[in-house]
Amino acid sequence: QKEVEQDPGPLSVPEGAIVSLNCTYSNSAFQYFMWYRQYSRKGPELLMYTYSSGNKEDGRFTAQVDKSSKYISLFIRDSQPSDSATYLCAMSSNTGNQFYFGTGTSLTVIP
Amino acid sequence: SAVISQKPSRDICQRGTSLTIQCQVDSQVTMMFWYRQQPGQSLTLIATANQGSEATYESGFVIDKFPISRPNLTFSTLTVSNMSPEDSSIYLCSVYPSVRETQYFGPGTRLLVL
């Protein structure tokens with residue numbers, strides 16, 4: 001079983017839609033949860049990070065962590081064509097410096 | 001956050017040759033990493049570049065194939081040696097600034113080996 005599972009998509013939505021991106025994980029020791037956005041031919045860009053459970057909101061983006069279900073989500077409201085990218089989830093535990101990444105979900109927002 | 005640059009941004013190389021990728025950070029950082037990203041796969045950690053000492057390699061990666069230098073706290077190089085087409089990938093450096101739980105990535109180097 002992989003440490004982190006992420007549906008690769010691709011996901012295609014019309015402009016203005018609400019997008020839900022998800023990852024599941026198996027290691028209950030994970031405490032730090034991150035979402036990265038990667039545009040084509042660019043490096044991953046940190047979008048959101050949260051510690052432990054709960055929600056975090058930043059503009060149109062909301063990150064949710066449900067540790068009891070080992071499930072994290074990223075919601076994008078009022079999606080824009082500029083949101084078209086690959087979204088990677090990542091997580092790490094309190095000990096060590098190793099990060100575990102999902103395979104990424106490819107999102108296209110159609111004008 | 002940290003601003004990270006990589007050189008070259010892309011290259012096409014012949015089988016059997018070597019390529020050195022440079023990573024420059026705009027501030028001193030303790031921890032710097034090298035990753036490989038292949039299509040449809042998650043990021044794979046190659047090694048941790050340690051300043052003043054030998055890099056720490058992950059399982060499946062060896063120093064002879066991927067020698068790493070880290071002469072100071074703002075710079076590192078990764079060499080891909082004796083390349084084969086299987087080495088075609090995106091190579092990314094990343095850093096930990098003072099906030100341990102976040103990691104920032106460079107723009108990547110796209111390598112194609114013919």
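Order of the sequence lines sets the chain letters (A, B, ...), proteins ahead of strands, with each chain counted from 1.
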### Message
What part of B:Glu58 gets within 4.5 angstrom of chain A, counting heavy atoms only: side chain, backbone, both, or neither?
### Response
side chain

### Summary
Tightest non-hydrogen contact, residues A:Ser79 and A:Ala17, listed as OG-O, 2.8 Å

### Task
Could you tell me which residues in residues 105-114 of chain B have at least one non-hydrogen atom under 4.5 Å from a non-hydrogen atom of chain A, sorted by residue number?
B:Phe105, B:Gly106, B:Pro107, B:Arg110

### Query
Which bit of B:Leu43 is near chain A, if near means a heavy-atom gap under 4.5 Å: side chain, backbone, both or neither?
both

### Message
Tell me whether A:Glu57 is salt-bridged to A:Arg77, with the criterion being a basic N under 4.0 Å from an acidic carboxylate O.
### Response
yes

### Query
Going through the distances and angles, do B:Thr77 and B:Ser69 end up as a side chain to side chain donor-acceptor pair (under 3.5 Å)?
CA-CA 5 Å; B:Thr77 67; B:Ser69 78; 2.6 Å; yes

### Task
Please report the shortest heavy-atom distance between B:Arg70 and B:Ser76, naming the atom on each side.
CD-CB, 3.9 Å

### Task
May I ask you to check whether B:Thr79 and B:Thr20 show a side-chain donor-acceptor distance below 3.5 Å?
yes

### Summary
The interface call for A:Glu45 against chain B, heavy-atom contacts under 4.5 Å, is neither

## Note on the structure
The ring-ring contact (aromatic ring centres under 6.0 Å, His included) partner of A:Tyr100 among A:Phe33, A:Tyr25, A:Tyr32, A:Phe30 is A:Phe30

### Query
Relative to chain B, which segment of A:Pro44 carries a heavy atom at a distance below 4.5 Å: side chain, backbone, both, or neither?
both

### Message
Checking ring-ring contact (aromatic ring centres under 6.0 Å, His included) between B:Phe61 and each of B:Phe66, B:Phe33, B:Tyr35, which is the one that passes?
### Response
B:Phe66

### Task
Would you please classify the geometry between the B:Tyr96 ring and the A:Phe99 ring as parallel, tilted or perpendicular, with 30° and 60° separating the classes?
perpendicular

